[in-house]
A.B. asks: 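Here it is, the structure in full.
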Amino acid sequence: YPRMNAPLELDTEPSDACGQRLPAAERAEFAGRLPEAARLYTTCLQQATTSAARALLLARLARVERTRGNDTTAREAY
């Protein structure tokens with residue numbers, strides 16, 4: 001099982017749609033800059049073209065929102 005406190009390494013990465021936003025979002029998330037991470041993950045999500053990429057980004061966005069205490073928003077993303 002992948003650890004949820006580290007960047008995920010999967011065959012399907014949404015980085016093609018996100019460019020450098022995904023690594024920036026991950027850095028922001030793990031540095032505790034959660035509003036910035038949520039904004040960047042949301043931007044990537046809007047540009048994602050595959051269901052696998054969307055699923056990955058929704059899970060990351062939900063994790064950020066849960067950490068921020070936004071339980072309703074996190075559940076919507078999950």
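For the numbers below, each heavy atom of this structure counts, side chains included, while hydrogens, waters and symmetry mates do not.
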A.B. asks: Within the structure provided, determine whether Gln47 and Arg21 are in side-chain contact (heavy-atom separation under 4.5 Å).
C.D. replies: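 Yes. Closest side-chain heavy atoms under 4.5 Å.
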A.B. asks: Could you report the tightest heavy-atom contact between Ala62 and Ala77, atom names first, then the distance?
C.D. replies: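 Here Ala62 and Ala77 meet closest at CB-CB, 3.6 Å.
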A.B. asks: Excluding sequence neighbours, so at least two apart, what forms side-chain hydrogen bond (donor to acceptor under 3.5 Å, both in side chains) with Glu36?
C.D. replies: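 Expected list: Arg33.
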A.B. asks: Mind checking the CD-CG spacing from Gln20 to Leu40? Nearest 0.5 Å is all I need.
C.D. replies: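 Result: 11.5 Å between the selected atoms.
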A.B. asks: Could you walk me through whether Tyr41 and Glu26 pass the side chain to side chain contact (heavy atoms under 4.5 Å, CB included) check?
C.D. replies: CA-CA 9 Å; Tyr41 283 140; Glu26 290 175 338; 3.5 Å; yes
A.B. asks: State the OG-CG distance between Ser51 and Leu58, to the nearest 0.5 angstrom.
C.D. replies: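 So the gap between those two atoms works out to 11.0 Å.
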A.B. asks: Picking from Arg63, Arg60, Arg66, Arg68, what satisfies salt bridge (charged side-chain N to carboxylate O under 4.0 Å, His left out) with Glu29?
C.D. replies: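 That would be Arg63.
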A.B. asks: Which value, rounded to the nearest 0.5 Å, describes the distance between Gln46 atom CD and Arg54 atom CZ?
C.D. replies: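 Between Gln46 CD and Arg54 CZ, I get 9.5 Å after rounding to 0.5 Å.
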A.B. asks: What distance do Glu65 atom CD and Asn70 atom CG have between them, rounded to the nearest 0.5 Å?
C.D. replies: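 One gets 4.5 Å once the value is rounded to the nearest 0.5 Å.
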A.B. asks: For the atom pair CD (Glu76) and CG (Leu61), what is the distance rounded to the nearest 0.5 Å?
C.D. replies: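 Between Glu76 CD and Leu61 CG, I get 10.0 Å after rounding to 0.5 Å.
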A.B. asks: To the closest 0.5 Å, what do you measure between CG (Leu57) and OG1 (Thr42)?
C.D. replies: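 Rounded to the nearest 0.5 Å, the CG-OG1 separation comes out at 9.0 Å.
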